[in-house]
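Below: the structure, in structure tokens.
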Number of protein chains: 2
Amino acid sequence: MGRKPATLKDVAALANVSRATAARALNNYGYVGDETAQKVQAAAEKLGYRGNRLAQALRNGQLPIVGCILGDIQNPFFARIAHDIEVVARQSGYNLVIGSSEEELDQEMSLLASLQALSIRGFIVAPTSADKNVHLQGLITDNIPLVLIDRVAKGIECDSVVVDNEGGAHKAVRYLIGMGHRRIGLLQDDMRIFTSRERMSGYRAALAAGNISLDERLVAVSQSTVEHAVDATIRLFSQKTPPTALFTVDSLMTQGALLAFRSMGISIPHHVSLIGFDDFNLATFTDPQITVVSQPVSEIGRAAAQLLFDRLSGKSHPLRKIRFETKLIIRGSVSHCSAA
Amino acid sequence: MGRKPATLKDVAALANVSRATAARALNNYGYVGDETAQKVQAAAEKLGYRGNRLAQALRNGQLPIVGCILGDIQNPFFARIAHDIEVVARQSGYNLVIGSSEEELDQEMSLLASLQALSIRGFIVAPTSADKNVHLQGLITDNIPLVLIDRVAKGIECDSVVVDNEGGAHKAVRYLIGMGHRRIGLLQDDMRIFTSRERMSGYRAALAAGNISLDERLVAVSQSTVEHAVDATIRLFSQKTPPTALFTVDSLMTQGALLAFRSMGISIPHHVSLIGFDDFNLATFTDPQITVVSQPVSEIGRAAAQLLFDRLSGKSHPLRKIRFETKLIIRGSVSHCSAA
DNA sequence: AATGTGTGTGAGATCGATCTCACACAGTCT
DNA sequence: AGACTGTGTGAGATCGATCTCACACACATT
């Protein structure tokens with residue numbers, strides 16, 4: 001059939017009024033006679049009229065869509081955040097466009113540009129790079145609401161929601177040191193990424209506090225996927241004198257480490273102790289259960305969305321930078337270091 | 001500063017030509033003098049001109065966005081699919097709007113309506129209900145490209161990508177029967193959902209083929225979250241004569257079952273055998289590793305996106321209904337039934 | 001009677017890109 | 001010379017909703 005959706009003109013025609021009057025009746029503003037208003041309502045009803053958001057957006061310069069650029073939707077951490085943002089967005093009558101930067105700066109930039117070309121005003125971004133951020137700076141100077149999530153970027157003054165990465169990492173490593181470990185490995189993500197830097201610095205600080213000097217050979221850089229983490233773990237533990245404990249900076253990498261240990265016949269916690277940053281569903285299914293630094297994942301997306309919609313609704317708050325605390329959840333993957 | 005993005009008019013003014021000529025130069029169509037074209041290009045460059053997609057969309061009736069309505073992005077199955085769709089979309093210059101129906105028909109319908117109001121033409125939907133689908137029928141009659149994914153809907157004639165749910169479930173249950181099990185539990189999702197029905201029917205068929213009559217008390221209905229599945233499993237196994245084996249219809253529910261068994265002190269595979277539909281990352285981390293029916297997850301999203309973009313590009317294919325096979329991956333969570 | 005205020009309505013401009021149409025000029029053909 | 005084709009350009013309409021403005025009428029105030 002291909003019947004076109006009804007336009008305001010159609011409604012106006014059916015109600016025998018002008019477009020202007022129809023618009024007034026439907027959006028109730030200005031003066032409209034009661035009787036006229038009823039006629040218009042009836043006509044709209046009958047035609048199943050739904051305003052064309054595109055046309056509305058063209059006039060007022062803004063689409064009821066928020067853009068969300070995350071590292072990777074497949075990471076349960078980001079999936080949860082995306083879900084929570086969508087819930088809040090829906091309540092405000094917004095839809096959510098999701099883009100995955102795949103931790104590539106180029107992709108992040110082109111994604112952002114294409115969303116801006118859509119007149120989307122309102123972004124939640126987990127920036128790939130802590131330094132290179134002209135594109136984000138552009139949003140700020142254009143006065144487009146932006147909330148940074150999970151990561152902040154140097155020199156970008158805007159609302160943000162992060163967790164205490166450094167503190168979390170510090171707690172984990174301090175705990176390992178307390179259990180007698182001195183050769184503590186770090187499986188980390190690309191150093192361009194803010195969280196990776198912060199967790200690294202927590203690791204360093206804890207080592208320093210324990211009078212342990214940093215051994216570069218115990219630090220492996222991977223990407224945040226199970227597969228990459230498996231390889232990196234195997235490299236790390238194929239050395240002559242491997243670490244006695246490992247700290248992994250995100251849950252996918254923790255899972256990769258688990259897989260690697262299994263394939264290498266390394267048993268937790270007897271041969272190696274393990275702590276991962278970010279809790280995950282199956283951390284309690286494994287034997288032993290995995291000790292982790294947990295973040296309040298369920299709060300992050302909601303908080304970020306709240307900040308964004310507060311901005312979008314025009315309230316002019318001062319900048320708000322939310323930082324959540326992390327919690328060390330002790331389970332069974334860490335034991336006292338036997339090999340001194 | 002708030003500098004507005006440059007418009008075609010600005011470019012035209014800078015190049016000293018009319019808007020029409022500028023448009024011709026930038027989109028190269030019609031006649032344009034070489035020299036004029038260069039001037040326009042230069043002006044566009046200088047102003048950093050990017051066409052306003054909204055205005056373009058208003059004219060040609062279609063936004064470069066595809067809508068994607070899935071059950072739940074937090075389910076790794078859907079997260080993977082969303083990711084793959086986004087990759088294909090990006091290649092075609094499209095962005096992806098993701099909506100989560102949360103398995104509520106109302107939400108699915110209102111989400112769809114709001115995306116249609118945005119002039120989005122092109123949807124990938126995992127319909128909540130196998131029966132109620134006027135909204136989908138509406139897309140069809142309006143000739144809006146639609147691809148159903150993971151699930152089909154009665155009477156909706158369009159491209160689709162599903163897996164052989166019935167066959168997969170049949171394989172799993174037949175295997176359990178072959179191992180001597182006769183009291184085989186089913187932990188399933190809401191019966192409105194297509195996959196749930198099909199997997200149920202595979203379960204029935206396999207029982208029938210094994211001359212086992214269906215015992216309603218062995219069938220638990222849950223929702224597709226870890227939490228709900230835990231409860232349902234506990235109920236199922238708190239009966240006087242609980243099942244000796246369990247078949248779960250998706251990976252979150254499999255994880256829920258695992259958690260429930262752990263909390264009840266039920267050991268796999270000694271006390272109970274387990275097979276889950278849909279493989280998951282940690283299925284090989286647990287001890288024992290979990291036997292599953294795997295679907296080619298990495299193919300599904302890509303295939304669906306391909307079908308959609310073929311339609312969007314105007315080629316008029318006949319309907320294409322893709323059905324992928326499933327594979328029974330035997331690991332260690334099933335043992336011979338000791339209790340006859 | 002003149003002026004003012006509150007109410008109700010429509011014509012037309014606007015947002016930005018695109019497309020149709022008309023027009024103008026060069027060169028070619030009868 | 002007159003008619004025609006090919007090339008190049010601009011004015012204006014269009015998509016749909018909204019908003020400004022002008023106008024019109026009713027009633028109240030001086």
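Computed from a predicted model, the values in this text were never measured in an experiment.
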What pairs of residues pass the side-chain hydrogen bond (donor to acceptor under 3.5 Å, both in side chains) test when at least one of them lies in residues 48-74 of chain B, not counting sequence neighbours? A:His83-B:Gln74, B:Gln62-B:Tyr94
Could you check if a side-chain atom of [X] sits within less than 4.5 angstrom of a side-chain atom of [Y], using non-hydrogen atoms only?
{"X": "B:Leu105", "Y": "B:Met109", "result": "yes"}
{"X": "A:Arg24", "Y": "A:Thr21", "result": "yes"}
{"X": "A:Ile124", "Y": "A:Val66", "result": "no"}

[X] with [Y]: basic N within carboxylate O range, under 4.0 Å:
{"X": "B:Arg90", "Y": "B:Glu86", "value": "yes"}
{"X": "B:Asp159", "Y": "B:Lys321", "value": "no"}
{"X": "B:Arg151", "Y": "B:Glu103", "value": "yes"}
{"X": "A:Arg302", "Y": "A:Asp84", "value": "no"}

Bending between helix ends of the helix from C:dA1-D:dT30 to C:dT30-D:dA1 [5 pairs per end, 10° resolution]: 80°
Between CD1 of A:Ile69 and CD1 of A:Ile149, what distance do you get to the nearest 0.5 Å? 12.5 Å
I need the A:Asp10 CG to A:Leu47 CG distance, nearest 0.5 Å. 6.5 Å
Are more than 12 heavy atoms from other residues, nucleotides or ligands located less than 6.0 Å from atom NZ of B:Lys46? no
Restricting to salt bridge (Lys or Arg N to Asp or Glu O under 4.0 Å), what partner residues turn up for A:Arg121, sequence neighbours left out? none
Which residues in residues 9-17 of chain B have a heavy atom closer than 4.0 Å to any atom of DNA chain D? B:Val17
Identify, residue by residue, the members of residues 39-48 of chain A with a heavy atom below 4.0 Å from DNA chain D, and return them in order of residue number, or none. none
Tell me which of B:Thr21 and A:Tyr49 sits closer to the 5' end of DNA chain D, going by the nucleotide each one is nearest to. B:Thr21
Report which part of the nucleic acid [X] touches: base, sugar-phosphate, or nothing (heavy-atom distance under 4.0 Å, all strands).
{"X": "A:Arg24", "result": "base"}
{"X": "A:Asn60", "result": "nothing"}
{"X": "B:Arg19", "result": "base"}

Could you check A:Gly30 against B:Tyr29 and say which one's nearest nucleotide on DNA chain C is further toward the 5' end? A:Gly30
Flag, side chain of B:Asp142 to backbone of B:Ile140, donor-acceptor distance under 3.5 Å: no
Extract, from 5' to 3' on DNA chain C, the first and final nucleotides lying under 4.0 angstrom from some heavy atom of chain B. C:dG16 to C:dC19
